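These notes are about the structure you will find just below.
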Amino acid sequence: MTRALALIDGNSFYCSCERVFDPRLERRPVIVLSNNDGCAVARTAEAKALGIGMGAPYFKIRALCEREGVVAFSSNYALYGDMSRRMNQLYQQFSPEIEIYSIDESFLDVSPLPATQRTEWAADLRATTRQWTGIPTCVGIGPTKTLAKLANKAAKRLPAGVLDLSDEQVRREVMASFPAADVWGLGRASQAKLASVGITTAAQVRDMDPKLARHLMTVVGERIVHELNGRACIELEAVAPTRKGCAVTRSFGTRVTAKIDMEQAVAGYATRLGEKLRRHGLATDHVTVFMHTSPFDEEGPQRSVSMTIDIPEATNDSLELIRVARRAVDGLWRSGFRYSKAGIITDDLVPPPVPQRALFDNLDHERAAKVMAAMDEANRRWGRATVVPAAVGVAMKSAFLTKFERRSPRYTTRWAELPFVR
DNA sequence: TCTGGGGTCCTAGGACCC
DNA sequence: TCTGGGGTCCTAGGACCC
């Protein structure tokens, strides 16, 4: 049985989610903006055709958008996450071995399927996804993850939206004209190194001496060469490994110059960090807080600082995290700067400590856990930040907080925002 | 004058991904 | 005026030890 993996992904995924609930967007250029309405992170084919690049700052393309009738949305992660969940549920029926790789991409193991049936299987998967969720997709198939990714990308240009690269000969033809820059794992730095030795296509990368690849691009580059040759180095991870780190970072809607605003914002991030840790059943015994001015600010002094603080016992209690974060802000704060962004980061996540019955402060621990559980439940039921610790103040509703001026309704996760059919 | 060597662990920073 | 957020992996180099 030859190994075969399929990669299915949503076309212009965030934009397609918006289209599902507003058919008037069909055939119109649509983009979805990053947090803070900062830059374009998803574009439909029509928007790409207008020259809107990935990551284009919105304030620079705004005039173009208005002139050309581009519909711009703030990102609506509640909606995209829910659509993603539905798609993956559906995929389970097509293959029991599935790895959810990102919000819009999943690898499916299709090895048990006879090679002659794979294209038909993929077409069926694609059609069913379209019918059940409304999301258009493409499917690429290959003997390794890197080749499945490559097939998927090449499939984007085909009307069928499906490409099976199981066959060596087909593979050679496709790779001859496939840019090295589009190979999964080859970023800007690698491209420059490859170009310096005259390598610009996927076929040339495939034919490299693995030792040269390693020399230029470390073991990561060597693996890519093997993967392009059909020798698997990257396994399918049907069981998601435990998360290693966790972060909450945000740019401010407007610059922060007052310490109280910074304290409240970081308290808000600490609260959110606690929520995420509790949801994953994890804890941490140290956090790093950072703040910095904007590297795009021409005038005014720049400042970028961070501080890591140890916590005596691993915790996921938001109030404890707020106390620690506040100490960090105290240590880091200097006035006279226009701060544009701050965040709280932690790595080396551990399971929460088992309560020690004999420990004298056990009651405090239990009480804290109950408070957090109640807060999580309230926020789950009535929406994020319905209940927040007092230290967060009104930060979650303040002007300097993230902008979402163009967000669509959360059609699928809020009763109040259900779509209407007339 | 001549001043070891090798192992492990940790961290910061780079690179890449979506 | 206005330029995202959140992950993973790898390596070099320092600290430390015997």
Side-chain angles (χ1 to χ4, degrees), chain A residues 7 9-14 31-43 52-63 65 72-77 80-81 84 99-107 145-146 149 152-153 181-194 214-224 233-234 237 240-255 269 272-273 276-277 280 286 288 290 292-300 304 306 308 338 340-349 399-406:
Chain A
L7 177 72
D9 79 329
N11 300 341
S12 311
F13 181 60
Y14 295 173
I31 61 174
V32 172
L33 303 170
S34 64
N35 257 335
N36 233 357
D37 293 348
C39 37
V41 290
R43 306 105 72 217
I52 298 175
M54 184 64 177
Y58 184 52
F59 75 93
K60 285 190 182 174
I61 55 170
R62 188 172 203 143
C65 289
F73 288 96
S74 301
S75 33
N76 185 344
Y77 294 110
Y80 313 147
S84 172
E99 172 185 338
I100 301 171
Y101 175 67
S102 75
I103 194 163
D104 78 317
E105 290 172 87
S106 292
F107 287 101
K145 278 186 168 179
T146 307
K149 284 283 280 186
N152 171 283
K153 183 147 249 171
D182 289 348
V183 171
W184 188 41
L186 297 181
R188 273 224 313 272
S190 297
Q191 282 161 46
K193 287 171 190 162
L194 289 170
R214 188 176 192 126
H215 178 247
L216 290 177
M217 304 172 291
T218 80
V219 68
V220 178
E222 183 180 358
R223 277 204 285 259
I224 290 170
C233 299
I234 310 171
E237 288 180 339
T242 329
R243 171 191 290 254
K244 295 187 168 60
C246 199
V248 180
T249 69
R250 291 283 182 284
S251 294
F252 302 120
T254 60
R255 301 288 185 252
Y269 304 160
R272 178 81 187 115
L273 182 71
K276 286 166 88 171
L277 293 177
H280 290 282
H286 60 271
T288 301
F290 74 86
H292 62 71
T293 53
S294 169
F296 297 104
D297 271 358
E298 300 272 317
E299 61 236 52
S304 175
S306 72
T308 302
R338 300 172 70 242
S340 69
K341 182 173 178 174
I344 181 165
I345 303 172
T346 173
D347 50 22
D348 297 321
L349 300 182
F400 64 79
L401 208 78
T402 312
K403 283 188 289 194
F404 285 102
E405 287 169 358
R406 302 160 175 277

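These numbers come from a predicted model, not from an experiment. By convention in this document, chain letters (A, B, ...) are assigned in the order of the sequence lines, proteins followed by strands, and residues within each chain are numbered from 1. Below, each value reflects all heavy atoms present in this structure, side chains not excepted, and no hydrogens, waters or symmetry copies.
B/dC17 and C/dG4 have their C1' atoms separated by 15 Å, given to the nearest Å.
Each of C/dT3, C/dG7, C/dC10 was ranked by its minimum atom distance to the side chain of A/Ala247; first place goes to C/dG7. The side chain of A/Lys244 has C/dC9 as its nearest neighbour among B/dC18, C/dC9, B/dC16. The nucleotide whose nearest atom lies closest to any side-chain atom of A/Thr249 is, among C/dT8, C/dG4, C/dG5, C/dG5. Comparing C/dG7, B/dC18, C/dC10 by their nearest atom to the side chain of A/Val220 picks out C/dC10. Nearest nucleotide to the A/Arg250 side chain, out of C/dG5, C/dG4, C/dT3: C/dG5. Between C/dC2, C/dG4, C/dG6, one nucleotide has an atom nearer to the side chain of A/Arg338 than all others, and that is C/dC2. With distances taken from any side-chain atom of A/Thr218 to the nucleotides C/dT11, B/dC17, C/dT3, the minimum falls on C/dT11.
For C/dG5, one of the phosphate oxygens OP1 or OP2 lies less than 4.0 angstrom from a side-chain nitrogen or oxygen of A/Ser251. For the pair A/Lys149 and B/dC16, the criterion of a side-chain N or O lying under 4.0 Å from OP1 or OP2 is not met. Residue A/Arg214 places none of its side-chain N or O atoms closer than 4.0 Å to OP1 or OP2 of C/dC10. When the side-chain nitrogen and oxygen atoms of A/Lys341 are compared with OP1 and OP2 of C/dT3, none of them lie within a distance under 4.0 Å. Between A/Arg223 and C/dC10 there is a side-chain N or O to OP1 or OP2 distance below 4.0 Å. Dashed line: the shortest gap from a side-chain N or O of A/Lys145 to OP1 or OP2 of B/dC17 is not under 4.0 Å. For C/dG7, the OP1/OP2 oxygens have a side-chain nitrogen or oxygen of A/Arg243 closer than 4.0 Å. Taking 4.0 angstrom as the limit, A/Arg188 places none of its side-chain polar atoms (N or O) nearer than this to OP1 or OP2 of B/dG14.
Mapping A/Pro241 and A/Ser340 onto DNA chain C by nearest heavy atom places A/Ser340 closer to the 5' end of the strand.
Rounding to whole angstrom units, CG of residue A/Asp9 and P of B/dC17 are separated by 15 Å.
Other residues, nucleotides and ligands contribute over 12 non-hydrogen atoms within 6.0 Å of the NE2 atom of A/His280.
Residue-level contact check: A/Ser190 touches the backbone only, with heavy atoms under 4.0 Å from sugar-phosphate atoms and none from bases. Across all strands shown, A/Leu186 has heavy atoms under 4.0 Å from sugar-phosphate atoms exclusively, and none from any base. A/Tyr101 comes within 4.0 angstrom of sugar-phosphate atoms only, judged by non-hydrogen atoms across all strands, and of no base. At a threshold of 4.0 angstrom between heavy atoms, the contacts of A/Lys193 with the nucleic acid are absent.
For A/Lys244 and A/Asp348, the salt-bridge test fails: no basic side-chain N is under 4.0 Å from an acidic carboxylate O.
The closest donor-acceptor contact from the side chain of A/Ser294 to the backbone of A/Ser340 lies at 3.5 Å or more, if one exists at all.
The aromatic rings of A/Tyr80 and A/Tyr77 lie perpendicular to each other, with more than 60° between the two planes, well past the 30° mark.
With rounding to the nearest 0.5 Å, the separation of CG in A/Asn76 from CZ in A/Arg406 is 14.5 Å.
Stacking of A/Lys145 on the aromatic ring of A/Phe107 is recorded, both the 6.0 Å distance cut-off and the 45° axial limit being met.
The partner of B/dC18 is C/dG5, judged by Watson-Crick or G-U wobble contacts that both fall below 3.5 Å.
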